[in-house]
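Note that the coordinates shown come from a computational prediction; the quantities given were computed from them, not determined experimentally. In what follows, chains carry the letters A, B, and so on, assigned in the order in which the sequence lines appear, proteins first and then strands, with residues in each chain numbered from 1. Just the heavy atoms: all of them, side chains too, but no hydrogens, waters or symmetry mates, feed the values below.
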Number of protein chains: 2
Amino acid sequence: MATRTHKHTDTHAFPKPGHNHDRCTADALKKAAAVCAQRKTRLTDIRREVLELVWKSHVPVGAYDILSQLNSGGGRTAPMAVYRALEFLLENGLVHRLASLNAFIGCAHIGKDHHAAQFLICRVCETAAELDSAPLTRALTQAVAERGFTIDSQIVEISGFCPHCSPPT
Amino acid sequence: MATRTHKHTDTHAFPKPGHNHDRCTADALKKAAAVCAQRKTRLTDIRREVLELVWKSHVPVGAYDILSQLNSGGGRTAPMAVYRALEFLLENGLVHRLASLNAFIGCAHIGKDHHAAQFLICRVCETAAELDSAPLTRALTQAVAERGFTIDSQIVEISGFCPHCSPPT
DNA sequence: TTGTATATGTTATAACATAACATTATACCA
DNA sequence: TGGTATAATGTTATGTTATAACATATACAA
Ligand SMILES: [Zn+2]
Ligand SMILES: [Zn+2]
Ligand SMILES: [Zn+2]
Ligand SMILES: [Zn+2]
């Protein structure tokens with residue numbers, strides 16, 4: 001028998017180039033529906049469409065990119081609609097916003113109530129992944145407390161080179 | 001004799017409400033001039049003016065705020081001029097940009113080549129201060145390395161309540 | 001001084017985000 | 001079921017942040 005469960009993607013691995021991303025998307029949408037049901041919030045059409053577009057890849061996507069994809073079939077959706085959908089998704093912990101990119105990415109740990117918002121962002125393939133490191137959070141909490149500061153929210157965004165992309169020589 | 005030097009502001013203390021801020025500014029400008037001399041870059045009029053405006057307080061300031069202050073006397077400076085000055089100041093390590101605020105703040109550790117860019121930002125008084133914690137940096141480096149990631153640059157911005165401002169009850 | 005690199009001026013536009021108010025859909029109770 | 005409140009979306013306009021492109025001016029060294 002197996003000594004550990006074998007999910008299609010290890011939560012702690014940086015997304016691999018050729019992985020079955022359809023399963024990431026399906027998984028996220030399923031969990032999103034569950035979260036909304038539990039919280040009695042409504043995952044309406046446009047909200048789901050935006051969530052699906054965010055999950056098109058692991059590369060953070062801008063609000064206006066989402067907008068143009070929505071309108072690529074001749075639609076006339078306005079920016080407000082996208083921003084409102086994103087606001088809903090943020091409030092419900094279904095997506096994150098990356099301040100350093102002005103872009104959004106699907107949350108990889110829906111329901112886990114992390115809200116740590118620690119990210120690794122590859123400069124080459126532009127993939128972003130959550131780094132919700134407990135030791136890092138502890139060090140951060142400790143360092144902040146030493147300054148007499150009380151944390152309300154944190155942003156940790158680390159830019160560099162992912163395991164699948166080499167730094168330029 | 002004193003067992004420790006007594007700078008007018010402890011580098012590790014969060015800026016106090018009533019401190020002698022003129023000295024912060026004078027200090028920063030002096031060091032900025034020294035850095036530019038050493039690096040053979042030119043601290044021109046507009047660059048110095050922008051740096052002075054950034055140092056008006058410990059509250060991060062937006063590019064267009066700087067612009068309107070520059071133009072408050074009837075000037076006609078364009079946004080480009082401000083952004084170019086800010087770009088120069090960033091490149092020379094004289095100011096930092098806070099991604100979570102789209103705003104700029106004077107570097108409190110000019111010359112120390114930290115480039116860590118770890119900040120504490122008070123939600124009440126809006127003051128921002130550099131954290132630059134070595135243990136935090138170590139934890140971060142470690143956590144990132146465990147994921148097979150190579151750091152190029154980091155953003156750490158912590159929002160909360162400074163030692164001089166109470167959290168809302 | 002004269003060429004070259006650096007800096008600034010100028011105009012326009014791109015990119016990101018929200019305000020304000022009208023309309024439509026949904027939930028939920030009488 | 002119908003009425004009413006709430007939530008969601010539509011629509012128009014505007015605010016805010018940042019950069020592109022090209023012209024002119026200034027500094028500085030050969
Ligand atoms: Zn995937
Ligand atoms: Zn990569
Ligand atoms: Zn000060
Ligand atoms: Zn404060």
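- Among residue pairs with one or both ends in residues 133-156 of chain A, those qualifying as ring pair (Phe, Tyr, Trp, His ring centres under 6.0 Å) are F149(A)-F14(B); sequence neighbours excluded.
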Please tabulate the protein-to-nucleotide N/O contacts below 3.5 Å involving nucleotides 6-8 of chain C, giving atom names and distances.
from   : atom 1 : to     : atom 2 : distance (Å)
dA7(C) : OP1    : R47(B) : NH1    : 3.3
dA7(C) : O5'    : R47(B) : NH2    : 3.4
dT8(C) : OP1    : T44(B) : OG1    : 2.5

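- With sequence neighbours left out, the side chain to side chain donor-acceptor pair (under 3.5 Å) criterion links S100(A) to E157(A).
- Between I66(A) atom CD1 and dA17(C) atom P there is a gap of 10 Å when expressed in whole angstrom units.
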Item to complete: Check step by step if side chain to side chain donor-acceptor pair (under 3.5 Å) holds for T41(B) and N92(B).
Response: CA-CA 8 Å; T41(B) 57; N92(B) 286 273; 3.2 Å; yes
May I have the list of side-chain donor-acceptor pairs in residues 42-57 of chain A shorter than 3.5 Å, sequence neighbours left out?
from   : atom 1 : to     : atom 2 : distance (Å)
R47(A) : NH1    : R42(A) : O      : 2.7
S57(A) : OG     : V59(A) : N      : 2.9

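- Identified under the ring pair (Phe, Tyr, Trp, His ring centres under 6.0 Å) test for residues 65-86 of chain B, with sequence neighbours left out: none.
- Proximity of residues 70-78 of chain B to DNA chain C (heavy atom under 4.0 angstrom from any strand atom) is restricted to A78(B).
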Result block: side-chain N/O donor-acceptor pairs under 3.5 angstrom for residues 138-146 of chain A, not counting sequence neighbours:
from    : atom 1 : to      : atom 2 : distance (Å)
T141(A) : OG1    : T137(A) : O      : 2.7
Q142(A) : NE2    : E146(A) : OE2    : 2.9

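- The side chain to side chain donor-acceptor pair (under 3.5 Å) check on S68(A) picks up nothing, with sequence neighbours excluded.
- Residues passing the ring pair (Phe, Tyr, Trp, His ring centres under 6.0 Å) test with F119(A) are H96(A), sequence neighbours excluded.
- What separates CG of L90(A) from C1' of dA17(C) is a distance of 13 Å, to the nearest Å.
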With sugar-phosphate taken as primed atoms, P, OP1 and OP2 and all else as base, the protein-contact string of nucleotides 15-20 of chain D at under 4.0 Å (heavy atoms; B, S, -) is --BBBB
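- By the side chain to side chain donor-acceptor pair (under 3.5 Å) test, Q69(B) pairs with no residue at all, sequence neighbours left out.
- dA5(C) atom P lies 19 Å from atom NZ of K40(B), rounded to whole Å.
- Rounded to an integer number of Å, the gap from E49(A) CD to dA8(D) P is 16 Å.
- In this structure, the side chain to side chain donor-acceptor pair (under 3.5 Å) partners of R97(B), at least two apart in sequence or on a different chain, are N102(B).
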